[in-house]
Protein chains: 2
Amino acid sequence: MNTDQIGGFLHEKGVKPSFQRIKVYEYLMNNKEHPTVENIYRDLIKEIPTLSKTTVYNSLNTFIEKGVVQAISIDGNEMRYDLYERRHGHFKCEVCGRIYDFLPPKEAYEELEALEGFLITDRQIYLKGVCKNCR
Amino acid sequence: MNTDQIGGFLHEKGVKPSFQRIKVYEYLMNNKEHPTVENIYRDLIKEIPTLSKTTVYNSLNTFIEKGVVQAISIDGNEMRYDLYERRHGHFKCEVCGRIYDFLPPKEAYEELEALEGFLITDRQIYLKGVCKNCR
DNA sequence: TTCTTGAGTTGTAATCATTACAAGATTGGC
DNA sequence: GCCAATCTTGTAATGATTACAACTCAAGAA
Ligand SMILES: [Mn+2]
Ligand SMILES: [Mn+2]
Ligand SMILES: [Zn+2]
Ligand SMILES: [Zn+2]
């Protein structure tokens, strides 16, 4: 996806595609390691010297509202961000801090839909432990 | 469970059962609505006027380390706490803010164990949406 | 019992992620 | 081009959590 395509996509999703928002979205497309706001800001400011951290927060919150991005709160102290694409779970290694994607079996998610009388807008499966590399 | 029984239980789990720790644990036993540190502190200080909020944090972190309490980070900005009893998931209503327990089908959790090469020490399933009462 | 020592508690200060807010910039429709 | 609405920016405020150092407590040795 190039800049125009991202703009079109965001527009479809009800997000006005400003320059900054396109850059933030693009960043998440190219950086799948669940970056923090700080990560995003420190990298993007190289390209956009006038960028404000508040704009990163604002953009992400708009994306979340419109359902194109998900916030990952697996880490009690800072949020991580990820595109809302195919459903997957997240595993955080307590040693190296990395957050891995994993695909829980379809059943895990399908069964979660079974709750009656509750409107579900977001589902997250978080695992913690020690990753393969760190054992 | 009375005070002595809680003390015995904590001792078994490797936690020295101080007066304050017993009170915090007892609070979690009697208040299953996933309280915040603030909730715990504001209620317990009525009984223990010398209590420090730091002690609440310290006690909870000790409990978590020893596996008798779980931290719930479904809410990006403040932690909630819950005894580590039978496995269950948490649903947060975005309207009233309440956090509900629910029992995902056994399979959901069992399948999560299937990750190879990773040591798993904690699993959390979080749903968000609107609860029955608030629709 | 008294002493000693390590662990637990307390209060305050520091940290740091996130939001609030107001002023300035931008954009799209008239 | 002009206007109103929206977006961006910088700074200040908020608030949860941790750091730290002094104090207290409890258990074991002498
Ligand atoms: Mn992911
Ligand atoms: Mn619960
Ligand atoms: Zn690791
Ligand atoms: Zn509700």
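To find a chain, count down the sequence lines: A is the first, B the second, and so on, and within it residues start at 1.
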For atom CD1 of A/Ile22 and atom P of D/dC7, their distance in whole Å: 13 Å
Side chains of A/Tyr84 and A/Asp122: is there a donor and an acceptor less than 3.5 Å apart? yes
On DNA chain C, compare the nucleotides closest to B/Thr50 and B/Lys16; which residue's is nearer the 5' end? B/Lys16
For D/dT18, does OP1 or OP2 lie under 4.0 Å from any side-chain N or O of B/Tyr57? no
Ignoring backbone atoms, establish whether B/Asn77 has a side-chain N or O less than 4.0 Å from OP1 or OP2 of D/dT17. no
Rounded to whole Å, please give me the gap between CD1 in B/Ile48 and P in D/dT24. 18 Å
Between A/Ser18 and B/Glu38, name the one whose nearest nucleotide on DNA chain D is closer to the 5' end. A/Ser18
Check whether the side chains of B/Asp101 and B/His34 place a donor and an acceptor atom closer than 3.5 Å, and report yes or no. yes
Outermost DNA chain C nucleotides near chain A [under 4.0 Å, heavy atoms]: C/dA17 to C/dA20
Rounded to whole angstrom units, what separation is found between the CD1 atom of B/Ile40 and the P atom of D/dT17? 10 Å
Would you give the length of the straight line joining atom CD1 of B/Ile72 to atom OG of A/Ser73, rounded to the nearest 0.5 angstrom? 11.0 Å
Calculate the interatomic distance between B/Asn58 atom CG and D/dC20 atom C1'; express it in whole Å. 12 Å
Taking B/Arg80 for the side chain and B/Ile74 for the main chain, is one N or O donor matched with an acceptor at less than 3.5 Å? no
Given atom CG of A/Leu44 and atom P of D/dT8, what is their separation to the nearest angstrom? 13 Å
How about B/Phe102 and A/Phe118: are their ring centres within less than 6.0 Å of each other? no
Just N and O in the side chain of A/Thr55: are any of them under 4.0 Å from OP1 or OP2 of D/dT9? yes
If you assign A/Met79 and B/Pro49 each to the DNA chain C nucleotide with the nearest heavy atom, which residue ends up on the more 5' nucleotide? B/Pro49
5' priority, DNA chain D, between B/Thr54 and B/Glu78 [closest heavy atom]: B/Glu78
Output the rounded distance in Å from CZ (A/Arg21) to P (D/dT9). 11 Å
Evaluate A/Thr36 against A/Asn39 for side-chain hydrogen bond (donor to acceptor under 3.5 Å, both in side chains), listing each step before the verdict. CA-CA 5 Å; A/Thr36 63; A/Asn39 295 149; 3.0 Å; yes
Please confirm whether B/Phe9 and B/Tyr25 have ring centers closer than 6.0 angstrom. yes
B/Asn61, nearest nucleotide to its side chain (from D/dT18, D/dA16, D/dT9): D/dT18
Please report the distance, rounded to the nearest Å, between CG in A/Leu51 and C1' in D/dT8. 9 Å
